[in-house]
Every structure is written in structure tokens, then in C-alpha cells.
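All of these numbers come straight from a predicted model, not from anything done at the bench. Note: hydrogens, waters and symmetry copies are ignored here, and every other heavy atom, side chains too, is used.
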Amino acid sequence: MTNPTQLSLLQDEIRRRYDTLSKRLKQVARYILDNSNSIAFDTVASIAAQASVPPSTLIRFANAFGFSGFNEMKQVFRQHLMEETVSYTERARLFRQTSTEENAVPEKPAEILNVFTMVNAQALQQLAMQISPDQLEKAVDLLNNADTIYVIGLRRSFSVASYLTYALRHLERRAFLIDGLGGMFTEQLSMVKPKDVVIAISYSPYAQEAVDLVQLGAKQGAQQIAITDSQVSPLAAFSDVCFVVREAQVDGFRSQVASMCLAQTLAVSLALTNARDGTVSALNAQLAK
């Protein structure tokens with residue numbers, strides 16, 4: 001089975017909403033669906049000309065599907081090409097093919113470090129603005145009241161999932177990392193109960209095992225927290241709290257800084273909640289004497 005990707009989910013959403021679009025937006029939709037392989041390489045002006053619409057229509061189209069501009073939507077197509085290319089060397093070559101004068105390719109290690117530092121700083125600033133305080137409070141509350149916490153994160157997401165499990169155990173929480181050792185994904189999650197919480201972490205291309213396990217958790221009635229990269233991620237549909245994290249990327253290589261920052265935020269917030277609850281309990285005990 002092919003793992004769902006952010007591009008495939010976007011294409012499905014375009015097809016689903018096609019009949020509700022205006023005439024001009026339908027022109028853009030048809031061109032994008034029929035020419036997905038060239039979108040990453042072509043300029044906005046070229047795409048607009050070939051779709052027979054003004055560039056402003058491309059911006060309206062992108063806005064209609066939750067993007068701040070058409071260049072942000074183009075990143076989905078570029079990233080898809082990177083994801084389809086397993087070799088990191090080939091990814092770097094492909095990035096150079098799709099780069100523009102405005103998006104120059106860093107060459108030297110010091111340049112790459114400077115660019116990664118810059119884009120990660122931007123990603124962290126966006127994280128603080130994009131994450132809802134109410135969602136954070138709800139997630140911490142779910143974790144605080146959970147009997148057992150199951151954490152799922154495969155491939156690129158594994159490091160974030162491992163850290164979060166590590167942090168939760170240091171908070172003396174019953175936390176288990178679902179790693180599928182021996183192919184026992186289903187068995188590891190088979191004991192989940194309605195009072196438990198499942199934390200699922202996955203980014204495009206979404207690990208099918210993670211999607212399957214999230215569905216299983218939903219059937220078992222567990223509360224779910226998703227950390228992913230799109231509102232149309234397959235994890236979002238099953239989550240009680242969904243955090244959409246826009247990671248920085250350079251040369252087609254995505255960072256994990258923002259995701260790790262969010263994981264640390266959840267862990268530290270839970271620790272402070274524990275400390276506060278412990279202080280209140282101690283005070284109540286003193287007053288009861």
C-alpha cells in the first residue's frame with residue numbers, strides 16, 4: 001500500500017471541492033491536477049500563463065486551500081519530489097534543479113549552517129504563533145489525566161517520539177513507545193483503553209503503520225494527540241488535539257527543531273502541572289491536620 005503524502009491529500013481535496021470552485025479556480029485546479037510533475041519546476045508566471053489565468057488567481061487558489069500564497073503551495077510539490085528520491089545525494093541535485101535566484105543553494109558547510117540556523121529560527125517563531133494556547137492546555141490536560149500514554153513515531157518521526165517517551169517516563173508517567181519491534185505494532189497497542197492517550201507523530205509521506213495504529217486507537221476509544229504537518233494529514237481526522245508543525249528545510253532536508261520544541265513544551269508543561277498539583281495536595285494535607 002502506498003503511504004499517503006501531503007501532495008496526494010491536497011490533490012484529493014482539490015478533486016473533492018472542484019465543483020464548488022469558480023470558473024477561474026477550476027482552470028487552476030485542472031492544470032495542477034494534470035501537471036503535478038512540472039509545478040515544482042515552473043515559475044508562478046509560467047504556471048499562470050499555461051493555466052490561462054492571471055497570477056493573482058493562483059494566489060486566490062492557494063488561499064482557498066489554506067496556503068498563505070502560491071509559492072507555499074509549490075513547496076508541497078517540491079517536497080513530494082524530494083520524498084520520492086531516497087538518495088540524499090539525488091535530493092541535493094534535485095533541489096538545485098528546482099532552486100531559483102531568490103532561493104540560492106548554499107554550498108559550503110558554514111553557509112549550510114547559517115541557512116539552517118536562520119530557517120529554524122523562523123520555524124520556531126511561526127510555531128509560537130501558529131500553535132493555539134487552548135490546544136496546548138487541552139493536550140497537557142489529556143496527558144495529565146491519562147492512565148497510560150502510547151507514543152507512535154516511525155522513521156523520521158522516531159527521534160521525536162523517543163524523546164517524548166523518555167521525558168514522560170522521567171515524569172513518572174506510564175509511557176510506552178510503539179516501535180513495532182518484531183512487527184508487533186498491533187500487539188503493542190492492543191491494550192489501549194478509553195482512559196489512555198495515544199500521541200501520533202508523522203509527516204508526509206505519512207507512515208501507513210502510524211495511520212493504522214491511530215485508527216485502532218480510535219476504535220478502542222482512546223484520546224489522541226497528533227503532531228503532523230498538515231490539517232489534511234490522515235492523523236488529523238482521528239485526533240482530539242492536532243498540532244500542525246511547519247518544519248524548516250534546506251536542500252530538501254527537513255529539520256526537526258520545531259517538533260522537538262513542541263515535545264519539550266508538552267513535557268515541561270506537564271512537569272509544572274505536576275509540581276503545582278503536588279503543592280496544592282501538600283497544602284490541603286496541612287490544612288486537614
Note, [X] side chain near [Y] side chain (heavy atom, < 4.5 Å):
X	Y	answer
Asp147	Arg174	no
Ile59	Asn63	yes
Met73	Ile32	yes
Leu58	Val28	yes
Ile47	Val53	no
Leu143	Ile225	yes
Leu136	Leu262	yes
Asn144	Asn274	yes

(message) Is it the case that the side chain of Gln224 and the backbone of Ala200 share a donor-acceptor pair, with hydrogens and angles ignored and the cut-off at 3.5 Å?
(response) no
(message) Has Arg60 got a side-chain atom pairing as donor or acceptor with Arg24's backbone, closer than 3.5 angstrom?
(response) no
Establish whether [X] and [Y] are linked, either directly or via other cluster members, by ILVMFWY side-chain heavy-atom contacts under 4.5 Å.
X	Y	result
Leu124	Val244	no
Phe65	Tyr31	yes
Phe70	Phe67	yes
Ile199	Tyr163	yes
Met260	Leu171	yes

(message) Tell me every residue that passes ring pair (Phe, Tyr, Trp, His ring centres under 6.0 Å) with Phe243, counting only those two or more places apart in sequence or in another chain.
(response) none
(request) Just jot down the ring pair (Phe, Tyr, Trp, His ring centres under 6.0 Å) partners of Tyr166, sequence neighbours excluded, or say none. (result) His170
Hey, could you give me the [atom1]/[atom2] distance between [X] and [Y], rounded to the nearest 0.5 Å?
X	Y	atom1	atom2	value
Arg156	Ile201	CZ	CD1	11.0 Å
Glu13	Leu9	CD	CG	9.0 Å
Thr43	Gln50	OG1	CD	8.5 Å
Ser157	Asp229	OG	CG	9.0 Å
Leu168	Thr148	CG	OG1	11.5 Å
Arg17	Lys26	CZ	NZ	13.0 Å

How close do [X] and [Y] get, heavy atom to heavy atom, and via which atoms?
X	Y	result
Ser239	Ala226	CB-CB, 3.8 Å
Val140	Ser269	CG2-CB, 3.6 Å
Ile149	Arg173	CD1-CB, 4.4 Å
Leu154	Glu209	CD1-CB, 3.5 Å
Val198	Ala222	CG2-CB, 4.1 Å
Val245	Ala258	CG1-CB, 3.6 Å

(message) Does Glu187 have more than 12 heavy atoms from other residues, nucleotides or ligands lying within 6.0 Å of its CD?
(response) yes
(request) Not counting sequence neighbours, which residues clear side chain to side chain contact (heavy atoms under 4.5 Å, CB included) with Ala236? List them please. (result) Cys242
(message) Would you say Gln27 and Ser52 are linked by a side-chain donor-acceptor pair, where the criterion is simply a distance under 3.5 Å?
(response) no
(message) Looking at Asp12 and Arg15, is there a salt bridge between them, counting it only when a charged N and a carboxylate O are closer than 4.0 Å?
(response) yes
